Structures are given as structure tokens and as C-alpha cells.
Amino acid sequence: MLILFWCCAALIAYVYFGYPLLLRAGLLGRRQPLQNGAIEPTISFIVPAHNEDTVIEDKIANLLALEYPRERIEILIGSDGSSDGTEEIVRRHAADGVGLISFPQQLGKSAVQNGLVAAASGEILVFTDADCFLPPEALRRLIHNFSDSRVGLVTARPLYENESATCITQNESLYLRYESWLRREESDRGLLSMASGSLFAMRRALWRPLDANLGDDFVLPLEVLRAGYRNVLEPRAVALTLLEQKQPASMLRLKTRIISKDFRGLLAHSDLLNPLRFGGASVALWSHKLLRWLVPYFLLGLFAASILLARAPFFRAALLLQCVLYALALAGFLLRERFSGSRWTIPFSFCLVNLAALLGTIQCFAGRTSGQWKPVRKQSHAA
């Protein structure tokens with residue numbers, strides 16, 4: 001029990017504090033500046049859409065307004081079994097060079113992306129969601145990174161427009177700032193192995209068809225890393241989205257689904273976990289992803305060990321602290337409307353994230369898939 005207690009405590013501390021300190025201290029690698037130059041490769045936007053009539057008009061207008069030579073941009077929108085007005089809206093923009101590929105039956109996001117890429121002609125593929133909106137200069141800021149021949153994929157920095165809506169969106173935005181800092185540190189050192197699903201770009205030559213049960217924003221960066229190229233975060237390219245999952249139940253479902261798909265993706269690329277072959281990038285994968293997804297198991301082990309060792313004053317105090325944490329989490333859940341603008345709800349969000357990791361990994365081990373992609377849209381971006 002002593003071994004279990006200290007191992008679990010050490011691993012939890014490492015995930016949230018030790019690994020960021022290692023990054024900050026430069027112990028996992030030095031910063032690797034990029035070689036910058038002016039380039040204008042041909043671009044293919046890959047936009048999957050399922051019943052997106054509330055946002056797709058604004059999305060098309062947003063893409064057409066980007067600061068980049070229009071003749072070098074191709075916009076492809078894939079309708080994944082849409083039953084609303086999505087396809088009709090897209091067809092109205094055919095004269096603007098917006099292409100529509102209709103999939104009569106819903107196949108899922110990855111299958112639609114595979115079909116769109118097969119029809120794309122650009123040197124750079126830009127994957128973006130229908131509800132993601134870009135500042136005019138965002139595309140150029142993404143693309144200039146490809147002037148460095150070592151760069152295979154560039155991801156944007158996500159930002160929520162409605163971060164103050166509820167305690168869920170507030171805490172998720174706080175977590176996103178922490179996550180973005182980690183990714184920036186990893187990017188600067190050539191260790192980054194993930195992207196923002198709302199907006200990222202990659203070299204067409206590095207594209208590999210997607211498995212329907214794996215997430216594009218994790219598997220494709222892993223493929224880039226395996227091929228010997230760098231994944232880069234461009235913090236000046238901001239991807240604006242509305243976080244529709246504003247309540248605990250919907251956020252839990254979203255995170256469970258993401259973790260299940262990404263955990264499955266990591267297992268399919270388990271060779272990247274070998275530090276003898278991939279060095280610091282492997283350590284980053286262990287630290288940033290795998291161990292973080294296993295934190296709920298460490299929390300359970302810590303709690304169980306604390307109960308069995310509670311005769312000793314130190315472990316009794318440790319048990320009390322854990323009980324206080326979970327009591328605050330319960331209070332944050334029950335009083336989330338009253339304390340919607342308070343940091344008192346952070347313990348609740350911490351427990352929600354780890355519950356999602358527990359459910360997501362169990363779902364993966366049980367061989368259950370994450371189901372079909374069904375985006376939640378309640379209002380248009382313009383509204």
C-alpha cells in the first residue's frame with residue numbers, strides 16, 4: 001500500500017506539475033527556431049458538414065474573405081448525409097468556386113474527410129470545422145510555417161467566443177490556456193504530437209487515409225511525427241468557435257468520445273512511445289497524453305491506499321484532503337449555477353475531465369467505438 005500510495009501520488013504530481021517544469025526548464029530539448037520564407041502554395045480546404053445550415057453560409061463567407069490569393073484556394077465541403085438545407089446553401093456558392101461532395105448516407109467525419117481529400121488538388125490540406133471562423137490573416141500565418149521543409153503539419157490556437165457562458169465554458173477556457181501553453185512549449189522544441197481539430201494544415205504528401213474510429217487531429221500529427229517531420233503550433237493563427245457543450249452531461253459525452261478515439265489512435269501508433277527511437281517526442285506523448293488519460297486510475301489507487309493506511313496520521317491527513325477535494329467537486333456540481341463565475345467550480349471540472357478519461361479508456365478497452373459524429377448547433381455564427 002505504501003508503494004501504491006507514493007507511485008500514484010508521484011505520477012499525478014508529474015503529469016500536472018513535473019512535466020510542465022521539465023518543458024519550461026528545457027530538459028526535454030532546446031528550442032528549434034523555424035526557417036521562415038515567403039511562400040504561396042495551393043490550398044485545399046477540407047470542410048465536413050452534417051446538418052450545418054445554421055453556420056455554413058457564414059463559414060463560406062469567412063473562407064472567401066481570407067487574405068490569400070483566391071486562385072490558389074480550393075474549398076471543398078462534404079455533406080455527410082445532411083437532411084437540412086446545408087447542400088442547397090453550398091450549391092448557391094458554386095460560382096464562387098465552392099465545391100460540394102454529397103454523401104447521401106451519414107458515414108462519419110473521417111470517411112467524409114477521406115472522400116474530400118481524394119478530390120482535392122492543393123499542395124497543402126487545411127482541415128477545418130464548419131463552425132470554426134478565422135481572422136483574415138490566419139491562413140497566411142499558418143502557411144508561412146511550411147517554408148521550413150522540416151514542418152509537416154501546422155495547427156492553429158483554438159479560442160472559445162462564449163467562454164463566460166457557464167462555469168463549464170469558463171473552466172474549459174482556463175484549461176485551454178494551460179493546454180495551449182504546453183503545446184507551444186512542445187512545438188518550439190519539436191515535440192508536438194497533436195493538433196486542434198477546428199483548424200490545422202498539413203502537407204498533402206504526408207496524408208494517410210483515416211480510420212473511421214480514430215480522430216484526425218491526433219492520428220494525422222502522429223503520422224507526421226512518424227514520418228520524421230515536425231508538428232508546429234502557430235499561436236498567431238486563432239480558430240474561433242462557440243463551445244456548445246455548456247452543461248456537465250454534454251461536456252462529459254464530448255470528452256469521453258474524444259479520449260476514447262485518441263486513446264485508440266495512440267494504441268495504433270504505439271511504436272511512437274519508444275523513447276529509444278523517438279526521443280523527447282516519445283516522452284512528451286507519455287507525459288502529455290498517455291499518463292494524463294491514466295490519472296483517474298492513479299486517483300483511485302491513491303484513495304484506496306489512503307484508506308488502508310489511514311491509521312497513520314500522515315495518511316489520514318492525505319485521505320482528508322482527498323475527501324475535501326471530492327466534496328468541493330460535488331458542491332461545485334450542485335451549486336454550479338450560483339457560482340458560475342467562481343473558481344470554486346474548478347474541482348468539479350477536474351473530476352469531470354478525469355471521469356471522462358476513465359470512461360473513455362474503458363470504452364476503448366471494451367472495444368466500443370465512439371459512434372457517429374453529430375455536431376451540436378443551436379444558432380448561427382452571425383447571431
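What you see is a predicted model, and the numbers here were worked out from it, not measured in a lab.
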Exercise. Is there a side chain to side chain contact (heavy atoms under 4.5 Å, CB included) between Asp129 and Thr241 once you walk through the steps?
Worked result: CA-CA 9 Å; Asp129 290 339; Thr241 60; 6.0 Å; no

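- For Thr345 and Asn171, the side-chain atoms include at least one donor-acceptor pair closer than 3.5 Å.
- In this structure, Phe127 and Phe200 have parallel ring planes: the angle between them is below the 30° cut-off, well short of the 60° mark.
- Ala120 approaches Leu125 most closely through the heavy-atom pair CB-CD2, 4.0 Å.
- Going from atom CD of Glu52 over to atom CG of Asp84 covers 8.0 Å, rounded to the nearest 0.5 Å.
- With no hydrogens or angles considered, a side-chain donor-acceptor pair links Gln322 and Ser306 at under 3.5 Å.
- A distance-only check finds no donor-acceptor pair linking the side chain of Thr256 to the backbone of Gly360 [under 3.5 Å].
- Looking only at atom types and distance, the side chain of Ser44 has a donor-acceptor partner in the side chain of Glu74 under 3.5 Å away.
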For this session: Show the numbers, then the answer: is there a side chain to side chain contact (heavy atoms under 4.5 Å, CB included) between Arg184 and Arg157?
Result: CA-CA 9 Å; Arg184 177 64 184 272; Arg157 177 171 62 90; over 6 Å; no

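- Ser147 places a side-chain N or O within donor-acceptor distance of the main-chain N or O of Gly37, the cut-off being under 3.5 Å.
- Distance check, rounded to the nearest 0.5 Å: CG of Asp80 to CD1 of Ile101 gives 12.0 Å.
- Put simply, CH2 on Trp6 and CG on Leu302 are 9.5 Å apart, with the number rounded to the nearest 0.5 Å.
- For Ile3, the CD1 atom sits in a loose shell: 12 or fewer heavy atoms of surrounding residues, nucleotides or ligands are nearer than 6.0 Å.
- Summarising the geometry, atom CG belonging to Leu291 is positioned 6.0 Å from atom CG belonging to Leu11; distances are rounded to the nearest 0.5 Å.
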Exercise. Between Met251 and Val353, does a side chain to side chain contact (heavy atoms under 4.5 Å, CB included) hold up when you go through it step by step?
Worked result: CA-CA 9 Å; Met251 180 57 72; Val353 167; over 6 Å; no

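- In this structure, Asp217 does not pair ionically with Lys261, as no charged nitrogen and carboxylate oxygen lie closer than 4.0 Å.
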For this session: For the pair Glu123 and Arg203, evaluate side chain to side chain contact (heavy atoms under 4.5 Å, CB included) and give the outcome as yes or no after the intermediate values.
Result: CA-CA 6 Å; Glu123 301 167 77; Arg203 296 185 189 274; over 6 Å; no

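- Taking the six-membered ring wherever Trp is involved, the centroid distance between the rings of Trp286 and Tyr14 does not fall below 6.0 Å.
- Side-chain N or O atoms of Arg141 include none that pairs as donor or acceptor with a backbone N or O of Ala237 at under 3.5 Å.
- Atom CG of Leu254 sits about 11.5 Å away from atom CD1 of Ile168, to the nearest 0.5 Å.
- Using a 4.5 Å heavy-atom cutoff, the side chains of Asp271 and Phe278 are in contact.
- Rounding to the nearest 0.5 Å gives a distance of 14.0 Å between CD1 of Ile124 and CH2 of Trp207.
- The minimum heavy-atom distance between Val126 and Ile43, with the atom names listed, is CG2-CG2, 3.4 Å.
- The side-chain heavy atoms of Leu299 and Tyr326, taken from C-beta on, include a pair separated by under 4.5 Å.
- Residues Arg264 and Ser260 have side chains that bring a donor and an acceptor to within less than 3.5 angstrom of each other.
- No side-chain donor-acceptor contact under 3.5 Å links Asp58 to the backbone of Val55.
- Using a 4.0 Å cut-off between charged side-chain N and carboxylate O, Glu137 and Arg236 make no salt bridge.
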